[in-house]
Amino acid sequence: MHRLIAYLFLLVFGGALLPACQQAAPERPPNLLVILTDDQGWGDLSYSGNPHLSTPAIDALARQGVSFDRFYVSPVCSPTRAEMLTGRYHLRGGVRGTSAGEERLDLDETTFVELFQQAGYATAAFGKWHNGMQHPYHPNSRGFDTFYGFCSGHWGDYFSPPLEENGIPVQGKGYLPDDLTDKAMDFMHAHRDEPFLVYLPLNTPHSPMQVPDSWWERFENKPLDSLVAGEDPDFTRAALAMCENIDWNVGRLLEKLENLGLTENTLVVYFTDNGPNSFRWNGGMKGRKGSTDEGGVRSPFFMQWKGHIPEGKVIPQIAGAIDLFPTFLDMAGLTHSGEKPLDGKSLKPLIMEEDPSWTDRMIFSHWNGNSSLRTQKYRLDKDGNLFDMESDPGQQQPVQDQYPEVAENLREALVEWEMAMVEEQAKDPENRPFTLGAPQAPLTQLPARDGMAHGSIQRSNRFPNDSFFTHWVSLEDSITWEVEVLEAGDYRVEAYYTCPKGDVGAEIRLQAGTTHLDARVKEAHDPPLEGMENDRIDRMESYVKEFKPMHLGSISLKKGIQTISLKALRIPGNQVMDVQKLLVKPVEITQ
């Protein structure tokens, strides 16, 4: 109801709702549908010229709208998402990694979603968030009325997996990209009579390489011509099958908008979060996911708004994820007067004007200690080599000796940018504990990804995302989580565990500060590892299994920073249990 009132107020008065967000929109603000795929490269589309797959629905977005020929994102997942959400380089927002808390977006950053929400939009995200799990980092605290998906960097099972809906654990239904698309279409249908914002960050073609038989069978025996160095043909086949499934889901979304009569009132955006997650056809560009070279950061970017923006327009000017915050606001008629300056700029003039006034600019890329920059003509790589991207798009022939002044100017600009990023990071506290007990949170999840293993305990995989703790065999072993309790009170605690029958009976203690609770593993729960039965090639990530909640009891937590630890008091068998996560629910909040 509050969104409807806000929307009607906008239509009648056209005034500012809040100081940060002012309305200057047309009579009916456009809906916004943002589709972001995970680890799909620029070359994983037939529109880009890839001869090995067909993506007609995505290609149609480019042909019926505008296509940015040189659009740049970050080399990996969470930084791109942070830059899209804030219009600022990810290092400014505290996003330095992809796991163990380094993926969290600083709480003093404003997302464009919050501004759309304040302007009366119904907002929802369906898929992979990857910018923080615990409130107030959770998507429901960053502008989204509705969230369905997972907050981790990757997921271990794509077939009816455990997910969350507005913070509450739920079970997915069917193949995950299809399920997420179904939920997005249901939301659009439910909110068809009011402005809505739908963010659909799909989980594919990120590994594990799982795809239904109907899609895999198209590629299982498909010959691949002209393999690139280091290419794994079966990985490529799986990735392309996943990309064709994405295209099918994009087609379903567009058909849904058409059936709802919303095609001419919906701005549809499609792009990817980094370069391809393997060596495969990518237009001959250097680099893949994780690289700051062209192939690691160039993404397709298509925008369709029928009847409002040109059809078939190809925009040559460089642009990037940092530009989406101001562009989305500009296209919807909203303005932002926040204190933090944006790194991006609105792309609306390039989209709407035939001959826009547009000056050359620099777009910076950074990951894992490596930085590069791109101008319209040149790329300066992480080693200080200069490449003419117009004549040498594959970065084969450095030209710094031919253009020493250009190279030096760009090196100075890159050093200056890096120093600015160091200064930004210095503002962040060295220790950012995981938040617990936020007033708006129905519960707090503390996954193994965010914990620390001590003694003999091991992760199920070297990649923390979607891992669990195992090999808990000693009284000296422990698992700890560094947390900041935001509201003091009594909290119920559940541990998601597995334990073979022969090891039942271990006694454990959960301690927080000076308080603790003791519990005993009373029931066996020993499901097998899963995932390999659906993998098209061997995975790098952890296999998964069905963990069961075990009620540990209630504990009184004081406000402030403290360590939550799990230790064993008695081990009658060979081990204590495997642990996936803790679930902490408020009993009664106290002042």
Side-chain angles (χ1 to χ4, degrees), residues 101 104 107 132-142 147 151-152 162-170 429 431-454 457 468-469 472 475 477-499 504-523 525 547-570 576-591:
R104 290 177 294 170
L107 298 177
M133 170 177 279
Q134 299 84 9
H135 286 268
Y137 295 95
H138 190 275
N140 286 139
S141 292
R142 308 311 293 260
F147 173 70
C151 292
S152 184
L163 301 171
E164 63 165 284
E165 186 167 14
N166 295 332
I168 305 299
V170 296
N431 179 33
R432 282 201 304 171
F434 296 96
T435 49
L436 186 157
Q440 67 270 44
L443 53 83
T444 299
Q445 296 188 58
L446 295 176
R449 179 199 66 224
D450 296 339
M452 296 289 294
H454 307 274
I457 299 176
F468 57 89
F469 289 125
W472 186 357
L475 296 179
D477 297 344
S478 66
I479 304 169
T480 60
W481 288 266
E482 296 297 317
V483 304
E484 180 180 3
V485 178
L486 301 181
E487 291 288 344
D490 294 332
Y491 292 84
R492 293 189 298 271
V493 183
E494 293 178 345
Y496 277 64
Y497 81 105
T498 64
C499 180
V504 168
E507 296 174 8
I508 60 174
R509 171 166 291 179
L510 182 142
Q511 182 130 8
T514 59
T515 61
H516 69 270
L517 63 85
D518 295 339
R520 181 174 173 269
V521 182
K522 298 178 181 179
E523 296 182 10
H525 178 61
F547 287 86
K548 179 179 179 180
M550 175 175 62
H551 181 62
L552 301 185
S554 296
I555 189 170
S556 182
L557 299 179
K558 296 180 179 180
K559 186 175 182 178
I561 296 175
Q562 53 204 280
T563 299
I564 291 180
S565 66
L566 275 178
K567 292 195 69 170
L569 303 175
R570 178 174 171 268
V576 181
M577 60 181 177
D578 288 353
V579 178
Q580 182 199 39
K581 65 183 175 184
L582 296 182
L583 216 60
V584 185
K585 305 176 183 179
V587 176
E588 181 179 356
I589 300 297
T590 63
Q591 295 298 319

Point-to-point distance, once rounded to the nearest 0.5 Å, from [atom1] of [X] to [atom2] of [Y]:
{"X": "Leu436", "Y": "Trp481", "atom1": "CG", "atom2": "CH2", "result": "11.5 Å"}
{"X": "His135", "Y": "Asn140", "atom1": "NE2", "atom2": "CG", "result": "5.0 Å"}
{"X": "Ile564", "Y": "His516", "atom1": "CD1", "atom2": "NE2", "result": "14.5 Å"}
{"X": "Gln511", "Y": "Ser565", "atom1": "CD", "atom2": "OG", "result": "5.5 Å"}
{"X": "Glu487", "Y": "Lys559", "atom1": "CD", "atom2": "NZ", "result": "5.5 Å"}
{"X": "Glu164", "Y": "Gln445", "atom1": "CD", "atom2": "CD", "result": "5.0 Å"}

What's the shortest heavy-atom distance between [X] and [Y], and which atoms?
{"X": "Glu494", "Y": "Pro549", "answer": "OE1-CB, 3.7 Å"}
{"X": "His525", "Y": "Tyr497", "answer": "CD2-O, 3.4 Å"}
{"X": "Gly489", "Y": "Tyr491", "answer": "O-CD1, 3.3 Å"}
{"X": "Gly132", "Y": "Pro139", "answer": "O-CD, 4.1 Å"}
{"X": "Pro136", "Y": "Leu486", "answer": "CD-CD1, 3.9 Å"}
{"X": "Ala495", "Y": "Met577", "answer": "CB-CE, 4.5 Å"}

Taking C-beta and beyond as the side chain, do [X] and [Y] meet within less than 4.5 Å on heavy atoms?
{"X": "Phe468", "Y": "Thr498", "value": "no"}
{"X": "Gln134", "Y": "Pro447", "value": "yes"}
{"X": "Leu443", "Y": "Arg492", "value": "no"}
{"X": "Phe547", "Y": "Pro162", "value": "no"}
{"X": "Pro442", "Y": "Ile168", "value": "yes"}

Subject >> Reference residue Leu582; test side-chain contact (heavy atoms from CB on, under 4.5 Å); the match among Asp450, Val483, Leu510 >> reply: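 It is Leu510, the one option of Asp450, Val483, Leu510 that forms the side-chain contact (heavy atoms from CB on, under 4.5 Å) with Leu582.
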**OP:** Please check if the side chain of Thr444 supplies one atom and the backbone of Gly437 the other of a donor-acceptor pair under 3.5 Å.
**Re:**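 Indeed, once roles are kept as given, a pair shorter than 3.5 Å links the two residues.
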Original post:
For the side chain of Gln562 and the backbone of Gly560, is there at least one donor-acceptor N/O pair under 3.5 Å apart?
Top reply: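 Answer holds: yes.
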**OP:** Quick one: do Leu446 and Lys581 satisfy side chain to side chain contact (heavy atoms under 4.5 Å, CB included)? Show the steps, please.
**Re:** CA-CA 5 Å; Leu446 295 176; Lys581 65 183 175 184; 5.9 Å; no
Subject >> side chain to side chain contact (heavy atoms under 4.5 Å, CB included) between Gln440 and His138, worked out >> reply: CA-CA 10 Å; Gln440 67 270 44; His138 190 275; over 6 Å; no
**OP:** Test side chain to side chain contact (heavy atoms under 4.5 Å, CB included) on Tyr137 and Leu107 and set out the steps.
**Re:** CA-CA 7 Å; Tyr137 295 95; Leu107 298 177; 3.6 Å; yes
Original post:
Given Ile508 and Leu552, is the side chain to side chain contact (heavy atoms under 4.5 Å, CB included) satisfied, shown in steps?
Top reply: CA-CA 9 Å; Ile508 60 174; Leu552 301 185; 3.8 Å; yes
Original post:
Does Arg104 count as lying over the ring of Phe434, i.e. NZ or CZ under 6.0 Å from the six-ring centre, within 45 degrees of the axis?
Top reply: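 Verdict for Phe434: a cation-pi partner in Arg104.
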